[in-house]
Visitor: 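Can you read through this structure? Questions will come right after.
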Amino acid sequence: MDKLLIDARIDSVRLEQSAALDLEYNIDSYLPPSWTTRQMVNGYKRYILAGNTENEDYLTLRAGFSETEGRCNKIFSDVIASYIRKETYDYSATMFPRHDLKTPAAKRPPDAEYWDSIRRTALHHLKNNGYWVAKFDAPQRLVESLKSKVMGKFEADHGAAKLQASIEGTAGAVRQFKSKSSWLLTFEEMYELAADPVLLSIMQSYMGVPPIFNTPVSFLNSAAKAKTEKDLSDTAQLYHHDMHRLSFVKLFVYLTDVGPGSGPHTLIPGTHQDRPSSLWKDRRHKDEDVAKAGLLEKEVRITGKAGTLFLVDTRALHKGAEPESEWRLMAQVQYTNSLFGYPLHDSDHKLALAAASDNPDIQQAAALVRKYVEKTGVRFMQNYI
């Protein structure tokens with residue numbers, strides 16, 4: 001069975017072969033001729049053949065995004081979307097409650113119509129602003145379970161005293177704990193949340209293709225104060241854009257209440273599409289740089305109770321605000337349209353690892369990959385088959 005899934009994963013990558021040929025022959029008509037974009041095409045072709053990206057090609061992707069101010073990524077993504085078959089998602093399987101349940105049943109639209117209006121609203125906000133905050137929260141049982149597991153692993157890996165110091169914001173405490181994807185991939189809550197049909201439908205509408213589940217991660221950020229600009233940079237508390245794949249959106253869920261003093265996720269709406277040239281550079285940007293460009297006044301800080309869900313196209317300028325008084329715990333998953341970009345590791349391929357190892361974490365991750373292949377298809381789990 002696993003051999004069939006591994007073969008299917010290879011076939012899933014090869015589905016992009018037509019897009020690669022299209023780009024090879026037409027890139028100079030899609031974009032002004034450029035050495036960087038031509039090298040991106042060559043790197044993309046190599047990815048299709050090998051099923052992975054060389055680091056040099058990944059760096060070219062990053063350079064091409066900044067050099068063309070995002071236009072090359074849009075062209076590549078549009079071409080891929082023209083060749084990949086769309087999926088139909090069953091809203092009846094969603095875990096989320098409707099927010100209009102206090103309205104008399106006779107006046108409420110059917111479920112399919114209701115959730116499709118949510119999809120359209122989310123799509124509008126993502127396209128125009130680069131983010132969308134859901135009207136619904138993640139189920140409390142999922143939030144509590146995920147928080148308990150993440151905190152348990154942080155304590156096991158770093159020790160109870162060090163973890164408590166960060167929670168209390170003690171001077172000199174570790175300012176950020178970051179999970180390892182290897183152990184987060186053993187938590188079914190991450191798959192269950194990301195595979196919800198409402199979210200998958202929104203992602204397919206935005207990216208034009210059924211999304212791929214990518215890089216689950218969790219962060220604990222302390223209110224311990226930064227001493228240097230490097231401290232802020234190391235914990236992503238300076239403005240920046242992400243660029244690991246061609247097109248991607250991150251799903252965030254707060255696992256603690258996040259108020260203004262808890263380090264809310266912060267972004268500049270619309271900068272996934274347009275911003276001054278100086279802010280397309282692939283580096284961290286201080287608030288003064290953003291203010292000088294006239295954008296800081298547009299800043300949005302997303303606060304909410306534990307369970308708050310939001311989607312962000314993190315090609316937009318964003319950061320985590322530095323917590324002032326309280327710690328923050330959150331989890332995230334990245335949806336992507338292609339795995340071209342940041343090189344994959346052999347350890348990502350859980351089914352091959354499981355065949356050669358009795359490690360219980362590897363076996364658990366492999367079992368979850370198999371389960372969610374069955375629920376959502378090979379493409380969704382392509383990263384981890």
Visitor: Just to verify, what does K147 make a salt bridge (charged side-chain N to carboxylate O under 4.0 Å, His left out) with, not counting sequence neighbours?
Guide: none

Visitor: Check ring pair (Phe, Tyr, Trp, His ring centres under 6.0 Å) between Y342 and all other residues, then give those that pass, not counting sequence neighbours.
Guide: Y58, H244

Visitor: Looking only at side-chain N and O atoms, does S277 offer a donor or acceptor that is under 3.5 Å from a partner on E69?
Guide: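 Distance-only check passes for E69 and S277.
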
Visitor: Would K319 and D287 pass as an ion pair if we require N to O under 4.0 Å?
Guide: yes

Visitor: For Y114 and D100, which I'm curious about, is there any donor-acceptor pair between the side chains at under 3.5 Å?
Guide: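 There is no such pair (donor and acceptor under 3.5 Å, judged by atom type) between the side chains of Y114 and D100.
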
Visitor: What residue pairs, at least two apart or across chains, pass salt bridge (charged side-chain N to carboxylate O under 4.0 Å, His left out) with a residue in residues 76-91?
Guide: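 Pairs touching residues 76-91 that pass the test: K74-D78, R85-E87.
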
Visitor: In terms of hydrophobic clusters joined by side-chain contacts under 4.5 Å, are L142 and F219 together?
Guide: no

Visitor: Report yes or no: do E16 and S338 form a side-chain donor-acceptor pair below 3.5 Å?
Guide: yes

Visitor: Apply ring pair (Phe, Tyr, Trp, His ring centres under 6.0 Å) to H124 and list each qualifying residue two or more places apart in sequence or on a separate chain.
Guide: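 For H124 there are no ring pair (Phe, Tyr, Trp, His ring centres under 6.0 Å) partners, ignoring immediate neighbours.
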
Visitor: For W183 and F187, take the angle between the two ring planes, folded into 0 to 90°, and tell me which bin it lands in: parallel under 30, tilted 30 to 60, perpendicular over 60.
Guide: tilted

Visitor: Does the side chain of Q334 pick up a donor-acceptor pair with the side chain of T336 at under 3.5 Å?
Guide: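 T336 and Q334 do not have a side-chain donor-acceptor pair below 3.5 Å.
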
Visitor: How would you list, by chain and number, every residue that makes a ring pair (Phe, Tyr, Trp, His ring centres under 6.0 Å) with F380, sequence neighbours excluded?
Guide: F213

Visitor: Any salt bridge linking K225 with D231? Criterion: basic side-chain nitrogen under 4.0 Å from a carboxylate oxygen.
Guide: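 No salt bridge links K225 with D231.
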
Visitor: Scan for salt bridge (charged side-chain N to carboxylate O under 4.0 Å, His left out) pairs involving residues 48-57, sequence neighbours excluded, and state none if there are none.
Guide: R46-D57

Visitor: Is the ring centre of F177 less than 6.0 Å from the ring centre of H158?
Guide: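 For F177 and H158, the ring centres are under 6.0 Å apart.
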
Visitor: Would you list the pairs meeting salt bridge (charged side-chain N to carboxylate O under 4.0 Å, His left out) in which at least one residue belongs to residues 181-191, sequence neighbours left out?
Guide: K149-E189, E188-K371

Visitor: With Y335, which of L199, N214, I212 fulfils side chain to side chain contact (heavy atoms under 4.5 Å, CB included)?
Guide: L199

Visitor: Sequence neighbours excluded, which residues qualify as ring pair (Phe, Tyr, Trp, His ring centres under 6.0 Å) partners of H285?
Guide: none

Visitor: Assess the residue pair S205 and R119 against the criterion (side-chain hydrogen bond (donor to acceptor under 3.5 Å, both in side chains)); give the C-alpha distance rounded to whole Å, side-chain angles, the decisive distance to 0.1 Å, and a yes or no.
Guide: CA-CA 8 Å; S205 294; R119 178 192 62 79; 3.0 Å; yes

Visitor: Who are the salt bridge (charged side-chain N to carboxylate O under 4.0 Å, His left out) partners of R283, not counting sequence neighbours?
Guide: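 Expected list: none.
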
Visitor: Please tell me whether Q39 and T60 have a donor and an acceptor in their side chains that are separated by less than 3.5 angstrom.
Guide: no

Visitor: Will you find, in the side chains of Y91 and D196, an N or O donor that is under 3.5 Å from an N or O acceptor?
Guide: no

Visitor: Verify whether one side chain among E326 and S262 offers a donor that lies under 3.5 Å from an acceptor in the other.
Guide: yes

Visitor: Less than 3.5 Å apart, any donor N or O on the side chain of D361 or T186 sitting next to an acceptor on the other?
Guide: no

Visitor: Decide yes or no on side-chain hydrogen bond (donor to acceptor under 3.5 Å, both in side chains) for D313 and Y131, but give the supporting numbers first.
Guide: CA-CA 6 Å; D313 183 334; Y131 78 102; over 6 Å; no

Visitor: Would V217 end up clustered with L329 when hydrophobic side chains under 4.5 Å apart are linked, directly or stepwise?
Guide: no

Visitor: Kindly give the cluster partners of L232, where membership spreads through any ILVMFWY side chain lying under 4.5 Å from a current member.
Guide: L238

Visitor: Which pairs count as ring-ring contact (aromatic ring centres under 6.0 Å, His included) when at least one residue sits in residues 305-324, sequence neighbours excluded?
Guide: H240-H318, F252-F310, Y254-F310, H265-F310, H265-H318

Visitor: Are W115 and F136 an aromatic pair, judged by ring center distance below 6.0 Å?
Guide: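 Yes, the ring of F136 comes within the 6.0 Å limit of the ring of W115, centre to centre.
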
Visitor: Establish, from distance only, whether the side-chain atoms of S77 and N337 form a donor-acceptor pair under 3.5 Å.
Guide: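 Indeed, the side chains of S77 and N337 share at least one donor-acceptor pair under 3.5 Å.
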
Visitor: Do we see a donor-acceptor contact under 3.5 Å between the side chains of E299 and Y239?
Guide: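 Judged by distance alone, the side chains do pair up.
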
Visitor: Is R98 salt-bridged to D111, cutoff N-O under 4.0 Å?
Guide: yes

Visitor: By the salt bridge (charged side-chain N to carboxylate O under 4.0 Å, His left out) test, which pairs, at least two apart or in different chains, include something from residues 154-180?
Guide: R175-E322

